[in-house]
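Just below is one structure, and these are the notes that go with it.
Note that this is a predicted model, so its numbers are computed, not measured. Letters A, B, ... mirror the listed sequences (proteins, then strands); counts begin at 1.
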There are 2 protein chains.
Amino acid sequence: MKRIKLIVAYDGTNYSGWQVQNNGETIEGVLNRAISELTGEEITVIGASRTDAGVHALGNVAVFDTESRIPGEKFVFALNIRLPEDIRIQDSCEVPLDFHPRKCVSTKVYEYRILNRKFELPCERYTSYFYHRPLDVERMQKAASYLVGEHDFKSFCSIHTQALTTVRTIYSIDVDKCGDFITICVKGSGFLYNMVRIIAGTLIQAGIGAFPPEHVKEMLLALDRQAASQTAPARGLRLVEIQYEKM
Amino acid sequence: MKRIKLIVAYDGTNYSGWQVQNNGETIEGVLNRAISELTGEEITVIGASRTDAGVHALGNVAVFDTESRIPGEKFVFALNIRLPEDIRIQDSCEVPLDFHPRKCVSTKVYEYRILNRKFELPCERYTSYFYHRPLDVERMQKAASYLVGEHDFKSFCSIHTQALTTVRTIYSIDVDKCGDFITICVKGSGFLYNMVRIIAGTLIQAGIGAFPPEHVKEMLLALDRQAASQTAPARGLRLVEIQYEKM
């Protein structure tokens, strides 16, 4: 038996998120079927990040175990011809049997894209959040600075979380403007349910001057979801990359 | 009576192009209905560029005449709430009655986007052309240089053209690489049917070394569609802007 690691890119628009569920098609479900069909086994992948409905990925990570003789690096080709056009494997390789995409130490990189202009651009509507009020990038960057480091992010987490602890570490948050796009790039060891989208929603409010950037410190200390701003829509979010410490 | 000019952005994926036709929904058809509904008149817009099925626009131009009392600059708001999400007016204003979007002298700016990497990225599939063989941007730029200026572009024009002359002037072609994207930006006074897509297809072939860049000179001189390369797919093309000499 061997363990295969996949780097998975997808357009999440037409999916009910990553994780298999009763209602609606999921990325995991499509992958399980495609791999099972290819190897003739009953395969269930383990995903690194269980992204929400409408969230995209350039590099989510999934593993599965197989007795197949197909070499690890060939799965990328064999799977892509069986997958729908909104899911594309970017790489495949064999990894040690004890490699677990959620349990092994990693850095996750998420990007939240905001289209900040007077009128929406139709071609960008599924992959960015259109926000028409002018955003002050410096204020957003300042507000973001208080979130960097190890904190209890209870205020920045859906009340529906099942996490045992809401303490997480953010390594960096970069807010950059390029043309009409403002991109919030967040790197951390792990994220709570809706955490990046609540951070994005909060930075947007800081960007229109709804509160002074320093106010983010109090939001953190409140340990109360009500203290932070609204969750920004899923379509602006993409999982860019997961970097593992080993391998 | 007054004449209103619209700047129109659209995602062309789900349309049979700009121009009203018997089969399939068109941008023009949707605009005609939305404006007619708004003003209570029977409106037919005149478009500057009759883009093909699947081609996108950030700034196509259309005009229509109306007796409506709605101020020119308010049409943008009144129309956007009536339009589907894949069409968005960017600006509206009153213009002189003799302004004609096709007959007035203008510079048109088109961009052709190529995603050049080993595997496709699903989120980019409708707005770029995925091409996996590595492209040499310098060769593409060199090949493009022979197309700049006034030439008979008969070789770079669909045989189905109805143009009286195939002589056109290209002011500039810039081939730029940014990450995995190669963008071909073409500026000219006017373009023939499929001209930018045939230019893109030809530069791609130059980019993989199918012929030396200088060979483009002979392609032009051949005055024969067979001499140039294949038409690149519509989805990579977007009309960026139309700049009018007056106004």
Task: chain B contacts, top residue of A:N80, A:T127, A:V76, A:T13 (heavy-atom pairs, under 4.5 Å) - done: A:V76

Open item on the list: A:D11 vs B:E124, test: side-chain contact (heavy atoms from CB on, under 4.5 Å). Steps then yes/no.
Closed with: CA-CA 9 Å; A:D11 175 346; B:E124 312 292 347; over 6 Å; no

Task: Chi angles and distances behind the side-chain contact (heavy atoms from CB on, under 4.5 Å) call for B:F119, A:I89 - done: CA-CA 8 Å; B:F119 298 105; A:I89 311 297; over 6 Å; no

Task: Distance in Å, B:Y126 OH paired with A:C123 SG, rounded so as to fall on 0.5 Å steps - done: 12.0 Å

TODO: Verify the neighbour count for atom CD of B:E138: are there more than 12 heavy atoms of other residues, nucleotides or ligands below 6.0 Å?
DONE: no

Open item on the list: More than 12 heavy atoms of other residues, nucleotides or ligands under 6.0 Å from CD of B:Q230: yes or no?
Closed with: no

- [ ] Would you name the heavy atoms of B:D86 and A:P122 that are closest together and state the gap between them?
- [x] O-CB, 3.4 Å

Open item on the list: Counting only heavy atoms not in B:H100 (residues, nucleotides, ligands), do more than 12 fall under 6.0 Å from its NE2?
Closed with: yes

Task: Most contacts with chain B, counted as non-hydrogen pairs under 4.5 angstrom, among A:K118, A:R88, A:E120, A:E85 - done: A:E85

- [ ] Examine whether an atom of A:R125 lies under 4.5 Å from a heavy atom of chain B, and if so say whether it belongs to the side chain, the backbone or both; otherwise answer neither.
- [x] side chain

- [ ] State whether the number of non-hydrogen atoms from other residues, nucleotides or ligands found under 6.0 Å of A:Q243 atom CD is greater than 12.
- [x] yes

Task: Distance, nearest 0.5 Å, that separates CG of A:D180 from CG of B:L58 - done: 10.0 Å

